[in-house]
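The shown structure was predicted, so the numbers you read here are calculated from the model rather than taken from an experiment.
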Amino acid sequence: MNSNNTDFPAWHLESRYDAVPDLPVLAEVDVLVVGGGAAGVAAATTAAEHGKRTMVIERYGFFGGAAVAGMSGTICGMYLASDVHTEPRQVVQGFTERFRTELARRNGVTTPQRYGKTWTVTHDPLMWSETADQLVENAGAKTLFHTSVTGVIVENDACTGVIVESAAGRSVILAKRIIDASGDAAVIARAGYGYVFGDHGKIQNPTMFFRLGQIDMPRFLAYWGEDTINPPKVSEAIQQADADRHYDLPRKKIWIFPTTRPSELLVNATRLTARDGHMLNVIDPEDFTEAEIAGRRQVREYAAFLAHNIPGCEASYVVDTGTQVGVRQTRSIVGVETLTNDDVLSCRKRDDGICRVPWPIELHAGEKPKLHWLLDDYYEVPYLALVPEQGENLIVAGRCLSAEHEALASARVTAQCFEYGQAAAVAAVLSIDTGRRLRDIPGQEVRTTMQALGSAL
């Protein structure tokens, strides 16, 4: 699959201009960041702190992306997995740790919680957005919420700006370098450059997270245990309840995380597929809509099951769901280099690596999630997996990096997205300062700068 958008024939995607159109020029910047999730926040903060005129645009009215709008709720990917070590061992630092520390200062993040063979931390969505607000603003970057990219200006195969749209109308932002941190490769796709959808079109299921309030936490933890992945007795109870047709519970293994708020749980339980059984690709608004409606319906089913079957949840109620369904995967770019499944399975280290990843292959497709643990080890993501095979002045950050399907199921999580954002910004700064193309900057050079900024590499 590629950028001709044959997958969605009712929609025309590519919107490429070979010159600046007859529209107002809203801004001229050094670095434009498209998307305000973990990758975009890290990229905007880093570029601005390096003295570049930086702007970040975001379609929602807040920073956070999948972490906040999708309520993924956890910062996964910081700690090693192990069968023998019983304490968390953090191997990802850099911008990830900087952000976690700022959250902790606001009481917006938990201490490490057991997740199978590894650990994660749960954050408060409001605190996440406020932390991002402060970091980006203090760095000197300009933010435009409620703004989306609808076109890309490409002159001699170099991206020189974008067309943006808001309730105010349409405008142009000109930029020396563009960081596509949209998660969906929005700039790449509109410029007509290559991308794929997962494994020959098969992508991971979306999910609808929700929070439950009024939990009797001591009773819940005494029954559930310390692992946020449910014990076998819960899977058996879900299986039985579903077989008895008391509830519609398509996913039998669920994950529940105590949050920073008293008597509250974050629940990852839903499994969303289309009514006709096909994988929902939320690039398509029809699939996105079906996922949203089905997601809210499943939330009510799982909330009722928990209230009627899990000690401590008897008086619980749904506090909220994500603003949108949680998206794990859409477009992945065709990059100069691609992170392969073998790179992940072999825990490959490399001198051009810009991020460590200890997170398992966590593949949400089919009847149940697949978990392949990387025990007491990690791999590294190559810099050129962020650089598109075609086009200049453009780099990506976040889950749309160039990666094979199962590799992406490991590499896509929040801690790594922070690091990809910082790496993309470092590369953009080096490219501007030295006049080199992004594809000509050695990954070793980006890595060295990342180390100076505190990344564990």
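There is no side-chain donor-acceptor pair under 3.5 Å between Thr131 and Glu102. Between the side chains of Thr259 and Arg211, no donor-acceptor pair is found at a separation under 3.5 Å. With 3.5 Å as the limit, one finds no donor-acceptor pair spanning the side chains of Thr110 and Thr260. Side-chain atoms of Asp157 and Tyr193 form a donor-acceptor pair, as typed in the model, at a separation below 3.5 Å. In this model, a donor atom of one side chain and an acceptor atom of the other lie less than 3.5 Å apart for Thr96 and Glu419.
The backbone N or O of Leu374 lies less than 3.5 Å from no partner atom in the side chain of His372, so there is not a single donor-acceptor pair. Here the side chain of Arg16 pairs a donor or acceptor atom with the backbone of Ala191 at under 3.5 angstrom.
Shown here are the ring-ring contact (aromatic ring centres under 6.0 Å, His included) partners of Phe63, two or more places apart in sequence or in another chain: Phe145.
Cation-pi geometry between Lys117 and Tyr79 is not met at under 6.0 angstrom from the ring centre and within 45 degrees of the axis.
Heavy atoms of other residues, nucleotides or ligands lying less than 6.0 angstrom from CG of Asp22 number 12 at most.
For Phe62 and Trp128, the gap between ring centers reaches or exceeds 6.0 Å.
Note that CZ of Phe209 is 5.5 Å distant from OG of Ser72, once rounded to the nearest 0.5 Å.
The pair Arg190-Glu165 does not count as a salt bridge, with every side-chain nitrogen at least 4.0 angstrom from each carboxylate oxygen.
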